[in-house]
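Structure record follows, encoded as structure tokens.
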Amino acid sequence: MPVPSLGIVRLEALHYYVHDLPRMRRFLCDTCDFAELGETSPEADARSGMHGVVFRAGECTVVVSVPLRPDSPAGRFLARHPEGVGELILQVEDAQAAWELLDGRGGTPTSRVETHQERGGTWASFAITTPIGDTRFRFVQRTRFEGPVPGFVAHAAPRGGTNRFGYLSWDHVTCNFTTLAPFLHWAEQVLGFEPYWKVQFHTEDVAGPRDTGSGLRSIVVWDPRSGVKFANNEPLQPHFEKSQIQLYIDDNRGDGVQHAAILVKDILPSVEGLRGRGVPFLDTPGAYYDMLPARLAELGVGGIDEDIGTLRDLGILVDGSGPRSYLLQIFMKEQAGIFGDAGAGPFFLEIIQRKGDRGFGAGNFRALFESIERDQKAAGRLG
């Protein structure tokens, strides 16, 4: 029997914890064309022990916080992990009702529902712990509350980007685990999420006396009411320790959020513009595009609107599920590679456009996995 809905409306924001705020500001505003809307007030900073800056493009909001005290949420997270997503903010219809449901199902709220009133509006929220390492979920109810977070002070005018790359909203979030079972049970029994999609594979045929063949299992769960989706990966034997999923966990020093996908209006100018600003994306071998027409025919997609030569030049991947139903996507390199600093962490962003296909594309999923693995081999981390 399905459990009652939490009343989730959408994935509203990523709360990203950093040591180096100016570096993240340059990446989001100067490179990715997010606008900086404002920052938290000294009073809010004193309460939380961290200073936050809010960035937005379309409906994609990123709150970037730097610790002011070691006992703050950002301080505790960064004492154990490199920079990364410490909190996922989910808007709900009724925070108190969601709290009661979660508490009754064995969820672990970190407090009662807390309310903040500003400029005639109310923000009611609470956080819960999760099986995603030290990443928490925050559930937020807005009642005529216009600011992105309590204690927010808007700039006189937004600074930085203007969303010229056409970002729309968060499409999904992907997390990596040493084992999936606890998260899947928690997602079903506590959150009320349902299975959506799954795949598993090795990057090479694992047979005979091989010492390579990194693999993974991925299972996507979702909240059918809101459409919020989480894709979740674990490494596969027989070369478990050499899986790039396990290497992420080593780099992150635990389970965590691997990447977040941004839905765009038109991926071709988006990626062309991002490449023009120096964004490094994961490489895709030419053979992928040589085989693409036959693979799309096998999938029953038929023709696509985009020129394959243009997709090859930009490195964009294509997958589909039926006649004229397909998606296009590309993956940035991880933050540690972009910044040349292991402390920046293994998180990365994905850009995705959907043209009728609501899935995840097993072929593209494998292409992503293999692209990450090629980078790790080039760095001497895999045999």
Side-chain angles (χ1 to χ4, degrees), residues 31-34 57-60 161-174 196-197 199 201 203 218 220 222 227 229 231 258-334 337-338 348-375:
T31 302
C32 295
D33 210 50
F34 276 66
E59 293 187 7
C60 297
T162 58
N163 194 22
R164 69 194 69 191
F165 302 136
Y167 305 136
L168 297 174
S169 60
W170 299 114
D171 186 84
H172 64 272
V173 169
T174 295
Y196 187 82
W197 182 88
V199 69
F201 55 77
T203 56
S218 183
V220 179
W222 76 321
K229 298 181 184 69
Q258 182 205 43
H259 75 268
I262 298 175
L263 187 68
V264 296
K265 296 176 183 177
D266 189 343
I267 198 169
L268 298 185
S270 297
V271 172
E272 184 177 20
L274 287 164
R275 285 193 179 276
R277 291 194 175 188
V279 172
F281 291 94
L282 291 172
D283 294 327
T284 304
Y288 174 90
Y289 299 97
D290 296 338
M291 300 168 59
L292 185 56
R295 190 164 65 83
L296 291 175
E298 183 179 344
L299 291 168
V301 173
I304 60 175
D305 299 328
E306 295 75 17
D307 175 70
I308 291 179
T310 302
L311 298 177
R312 182 194 296 264
D313 292 342
L314 294 173
I316 294 170
L317 307 172
V318 189
D319 219 313
S321 57
R324 306 292 293 177
S325 177
Y326 61 100
L327 59 86
L328 305 104
Q329 60 193 152
I330 191 169
F331 305 88
M332 295 184 192
K333 291 196 174 184
E334 61 183 30
I338 289 175
F348 60 89
L349 290 173
E350 170 187 348
I351 307 297
I352 184 169
Q353 179 185 359
R354 295 188 179 275
K355 305 190 82 168
D357 188 279
R358 308 311 303 171
F360 285 76
N364 285 357
F365 211 87
R366 181 162 183 151
L368 163 65
F369 191 81
E370 293 175 344
S371 293
I372 295 173
E373 189 166 89
R374 281 193 296 274
D375 274 13

Check: Leu314 main-chain N/O paired with Arg275 side-chain donor or acceptor under 3.5 Å: yes
Backbone of Val264 reached by a side-chain donor or acceptor of Gln353 within 3.5 Å: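 Absent.
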Whether Lys229 engages the ring of Tyr196 as a cation-pi pair (distance to the six-membered ring centre under 6.0 angstrom, angle to the ring normal within 45°) should be assessed.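 So Lys229 does make the cation-pi contact.
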Kindly confirm or rule out a cation-pi arrangement of Arg354 over Phe360, judged by NZ or CZ under 6.0 Å from the six-membered ring centre and within 45° of its axis? yes
All side chain to side chain donor-acceptor pair (under 3.5 Å) counterparts of [X], not counting sequence neighbours:
| X | result |
| --- | --- |
| Thr31 | none |
| Ser321 | Ser325, Asp357 |
| Arg312 | Asp290 |

Is any side-chain heavy atom of [Y] closer than 4.5 Å to one of [X]?
| X | Y | answer |
| --- | --- | --- |
| Lys355 | Asp305 | yes |
| Trp197 | Trp222 | no |
| Leu311 | Ile304 | yes |
| Leu299 | Tyr326 | no |
| Glu59 | Leu168 | no |
| Arg277 | Asp33 | yes |
| Trp170 | Leu263 | no |

Atom CD1 of Ile330 and atom CD1 of Ile351: how far apart are they, to the nearest 0.5 Å? 8.5 Å
Checking His172 against Glu350: is there a side-chain donor and acceptor pair closer than 3.5 Å? yes
